[in-house]
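Reviewing the structure listed below.
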Amino acid sequence: MQTTATHTIDGESVEGVEFFDVINPATASAFARAPDATPEQLDRAVTAARRAFEKWRAVPGEERGAILRGFAAAIRAQTQELAQLLTREQGKPLGAAIREIESTASRIEGLLSFELTPEMLRSDERGRVVLDYRPLGVVGAIAPWNSPVLLGVQIAAQALVTGNSVILKPSPFTPLATLKLGEIAAEALPRGLFNTLSGGNDLGRWMTQHAGIDKIGFVGSIATGKSVLASAASSNLKRVSLELGGNDAAIVLDDADVDAIAPKLFWSAFQNSGQRCMAIKRVFVHESLAERLGSALARLAKQVKVGDGFEPGVELGPVQNRPQFERVLGLIEDAIERGGRALVGGAALDRPGYFVAPTVIAGVAEGVRLVDEEQFGPVLPLLTFADIEAAVTRANATRFGLGASVWSADAQRAADIARRLEAGTVWVNAHGGSDPGIPFGGFKESGLGRGLGSMGLKSYVEPRVLHLP
Ligand code: NAD
């Protein structure tokens, strides 16, 4: 029998009026129902969040920290239950789901180590000028389906730490672990401070248009990010932070040690079945190493155990949903039609669920969709170059700008090239990973603003200048 989840509004479980099915991507069948929020339910959540904000903003920092540490501990105490829901709805292996929940708790704790203290801008015979920071009010958090708990809470935690209240909307593909989190918040946090509502894209749109919401923290695709920004501007000019898609390049120089870097490159591209904003999505390899690197990546792809995230030993799960599964297969087919060669994989697995064999495609270049677009799935194009100047130009010739990396035996040489890449984060001999203390975000269409660190927290407050005698 299917279970039915509930929203959490003003500290209480609220039943849905309409529902939608939640699909397990490892079986392609529905296993639960989630409530589809109505505009009235959103209004109730906004009213509750506003009330909670007025109290929360006045809570002294130390007390606020203690309450949020309690929330993190409550999440950690329910790791198993949350992780099971996450694997069932998202598809990732159970071990990865457990790590996502643990990172979620430590992200809240990590963000608490920053304090936005007032700054004295001037102090002389004319008087004192002080800059301080005020919370914004009610923050709407809109999350994607690839790491739904971590990314949803990351927005929420930045809002809460800085004195705001939250309404969190998970993706309709992965609502359940987040709705469970709402129940945990109802026990651990003041009433109405952290509300969770599930629904379709309409709910997201209503949030961006709602005059009672002061800011949207959004993580998702570029196309949706642009409509969020337009809608926020045309309502109450609400503040917006956008963490959007990427098409990260990894440049492998002619002196790289192929055997040493291949496993790191592989996992930086294929972890979570490639469904990570900061996954390597284009490899530019010097032509002298292309064949060896292609063989090494293909060998690794063959060894990986792909399957249902609950099966012991599984390292990669399915693609999360049917539209994305069909899109990834379409990108592979298109690349092969245009002269690409699958060194490994190249098709869906012959079993129920949205499984795509880990795929590496050589013989493609710009102009092929797999190279120009964000694949967000377990398929990696391998591009070759002869001249490093051309590789830098090609890596930068994109509307994306989230991450990039340079791989070489000579760290100094790699760092010099890294400085020329147009991306929010650039790594040398590594790729991927985030930390609550380190700002993350994109150049160009990969985002607006930065999340995490004190830079991220400053986007959840309004700076105020005080002129004092
Ligand atoms: P998506 O844009 O389709 O959906 C994201 C969220 O927006 C969902 O909750 C969805 O219901 C909601 N939504 C849809 N239409 C809306 C609208 N008109 N107004 C408001 N909300 C709306 O993205 P997705 O497919 O869930 O996620 C994958 C994308 O997210 C990829 O491009 C990936 O790179 C990106 N991503 C970025 C980061 C980052 O930190 N930069 C992290 C993870 C994922």
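Both counts, for ligands and for their atoms, begin at 1 and track the order of listing. Values below: every heavy atom of this structure, side chains too, minus hydrogens, waters and symmetry copies.
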Inset, instruction - Look only at interatomic distance and state if T224 has a nitrogen or oxygen under 3.5 Å from any nitrogen or oxygen of ligand 1. - result: yes
Legend entry - Heavy-atom nearest option to atom 37 (C) of ligand 1, drawn from N272, L244, N247: L244
Legend entry - F355/F325 aromatic ring centres below 6.0 Å: no
Inset, instruction - Could you see which bit of L151 sits under 4.0 Å from ligand 1, with heavy atoms only: side chain, backbone, both or neither? - result: side chain
Inset, instruction - Answer with side chain, backbone, both or neither: which part of S147 has a heavy atom less than 4.0 angstrom from an atom of ligand 1? - result: neither
Inset, instruction - Give a yes/no on ligand 1: does G447 have at least one heavy atom closer than 4.0 angstrom to it? - result: no
Inset, instruction - Answer yes or no for R282 and F284: cation-pi contact, defined as NZ/CZ to six-membered ring centre under 6.0 Å and angle to ring axis within 45°. - result: no
Inset, instruction - Decide, yes or no, whether a salt bridge links R88 with D308 under the criterion of side-chain N to carboxylate O below 4.0 Å. - result: no
Legend entry - Is_contact(atom 4 (O) of ligand 1), protein non-hydrogen, under 4.0 Å: no
Inset, instruction - List the steps and the verdict of side chain to side chain contact (heavy atoms under 4.5 Å, CB included) for N146 and N272. - result: CA-CA 8 Å; N146 59 321; N272 203 19; 4.1 Å; yes
Legend entry - ligand 1 contact on L203 by region, counting heavy-atom pairs under 4.0 Å: neither
Legend entry - Nearest protein heavy atom with distance in Å, relative to atom 9 (O) of ligand 1: A143 O, 2.7 Å
Legend entry - Polar contact flag for S446 and ligand 1 (N/O pairs, less than 3.5 Å): no
Legend entry - Residue portion contacting ligand 1 (non-hydrogen atoms closer than 4.0 Å) for Q275: neither
Inset, instruction - Would you mind finding which of G442, S231, G220 brings a heavy atom closest to atom 29 (C) of ligand 1? - result: G220
Legend entry - ligand 1 versus F173: contacting region, heavy-atom distance under 4.0 Å: neither
Inset, instruction - Check whether the side chains of R76 and T104 place a donor and an acceptor atom closer than 3.5 Å, and report yes or no. - result: no
Inset, instruction - Give yes or no for whether the N/O distance cutoff of 3.5 Å, strictly under, is met between E243 and ligand 1. - result: yes
Legend entry - CZ on R369 to CD on E337, rounded to 0.5 Å: 10.5 Å
Inset, instruction - Without swapping roles, check the side chain of T359 against the backbone of G346 for a donor-acceptor pair under 3.5 Å. - result: yes
Legend entry - Any N/O pair R276/ligand 1 closer than 3.5 Å: no
Inset, instruction - From the options R57, K238, K215, R239, select the one residue that forms a salt bridge (charged side-chain N to carboxylate O under 4.0 Å, His left out) with E462. - result: R239
Legend entry - Taking atom 28 (C) of ligand 1 as the reference point, the nearest protein heavy atom with its distance: F376 CE2, 3.6 Å
